[in-house]
Amino acid sequence: QVQLVESGGGSVHTGESLRLSCRSSTSLLNIYAFGWYRQAPGEDRLLVGAIEKDGTTHLRPWTKGRFTISRDIAENTIYLHMDNLQPSDTGVYSCNADLGPQYRDTAVRFRPWGPGTQVSVFP
């Protein structure tokens, strides 16, 4: 069972950058995809972006080219690099492993949510 640990959040001012890390207990190549999610205060958790097993990345349009997802296979780690942060980016950022669409039970397809890492962006 894959375990994930997020880190790298913090409090920054508008325009600054952060790099979030998600370290996996197992090889990234054993997992269909990894996703980064954000939950802003009072809002549902939403997908920010994802990286597939082959390295293909996807980012939501509202990131406006400011965010990049990358990985270090040797370190079992995926990254979310965020440039030019805005107050609207504030929230708890979590990562999760997607074992693949062949799993109909979401409790099996995805891991339980961990605590995530807080990103606070101040004017």
Side-chain angles (χ1 to χ4, degrees):
Q1 180 174 302
V2 61
Q3 303 296 129
L4 306 172
V5 179
E6 304 103 332
S7 62
S11 298
V12 298
H13 292 290
T14 298
E16 296 182 342
S17 299
L18 286 171
R19 187 181 72 166
L20 309 184
S21 299
C22 174
R23 179 160 291 168
S24 170
S25 64
T26 191
S27 172
L28 306 183
L29 303 182
N30 292 337
I31 306 298
Y32 174 79
F34 289 87
W36 280 104
Y37 302 79
R38 186 192 78 206
Q39 186 165 31
E43 299 183 10
D44 293 335
R45 196 191 316 273
L46 57 83
L47 178 69
V48 176
I51 182 167
E52 300 178 23
K53 185 186 298 184
D54 69 355
T56 301
T57 58
H58 308 268
L59 287 161
R60 299 291 302 280
W62 52 261
T63 65
K64 301 182 185 300
R66 297 178 295 120
F67 293 5
T68 303
I69 294 176
S70 61
R71 67 182 180 180
D72 187 329
I73 294 174
E75 295 294 327
N76 288 355
T77 301
I78 64 168
Y79 301 98
L80 178 64
H81 185 91
M82 303 181 291
D83 286 326
N84 192 22
L85 283 161
Q86 304 297 311
S88 58
D89 297 319
T90 292
V92 176
Y93 285 74
S94 303
C95 65
N96 212 325
D98 181 356
L99 300 187
Q102 70 268 33
Y103 297 98
R104 295 175 177 81
D105 187 347
T106 58
V108 176
R109 181 173 180 178
F110 301 100
R111 308 314 311 149
W113 294 107
T117 185
Q118 176 72 44
V119 172
S120 298
V121 186
F122 300 97

Legend entry - Glu6 backbone acceptor or donor facing Ser21 side chain under 3.5 Å: no

Legend entry - Distance (rounded to the nearest 0.5 Å) between Asn84 CG and Lys64 NZ: 11.0 Å

Legend entry - Asp89 to Val121 - nearest heavy-atom pair and separation: CB-CG2, 4.4 Å

Legend entry - Shared hydrophobic cluster, Val5 / Leu20 (ILVMFWY, side-chain heavy atoms < 4.5 Å): no

Inset, instruction - Would you kindly confirm whether Leu4 and Val92 end up in one hydrophobic cluster when ILVMFWY residues are joined by side chain heavy atoms under 4.5 Å apart? - result: no

Legend entry - Reference residue Cys22; test side chain to side chain contact (heavy atoms under 4.5 Å, CB included); the match among Ile69, Asn96, Ile78, Leu80: Ile78

Inset, instruction - Determine which pairs satisfy salt bridge (Lys or Arg N to Asp or Glu O under 4.0 Å) with at least one residue from residues 112-123, sequence neighbours left out, and list them in order. - result: none

Inset, instruction - May I ask you to test the Met82-Val119 pair for a side-chain heavy-atom distance under 4.5 Å? - result: yes

Legend entry - Pairs where residues 106-117 contributes a residue and the test side-chain hydrogen bond (donor to acceptor under 3.5 Å, both in side chains) is met, not counting sequence neighbours: Gln1-Arg111, Asp98-Arg109

Inset, instruction - Can you sort out the partners of Glu75 under side-chain hydrogen bond (donor to acceptor under 3.5 Å, both in side chains), two or more places apart, ordered by chain and number? - result: none

Legend entry - Set of residues satisfying side chain to side chain contact (heavy atoms under 4.5 Å, CB included) with respect to Asp105, sequence neighbours excluded: Ala107, Val108

Inset, instruction - Treating Ile, Leu, Val, Met, Phe, Trp and Tyr as nodes and any side-chain heavy-atom pair under 4.5 angstrom as an edge, say whether Tyr79 and Val12 lie in one connected cluster. - result: no

Enumerate donor-acceptor pairs with a distance under 3.5 Å from any side-chain N or O in residues 29-48 to protein atoms, sequence neighbours excluded.
from: Asn30; atom 1: ND2; to: Thr26; atom 2: OG1; distance (Å): 3.0
from: Arg38; atom 1: NH1; to: Ser88; atom 2: O; distance (Å): 3.4
from: Gln39; atom 1: NE2; to: Glu43; atom 2: O; distance (Å): 3.2

Legend entry - All side-chain hydrogen bond (donor to acceptor under 3.5 Å, both in side chains) counterparts of Glu52, not counting sequence neighbours: His58

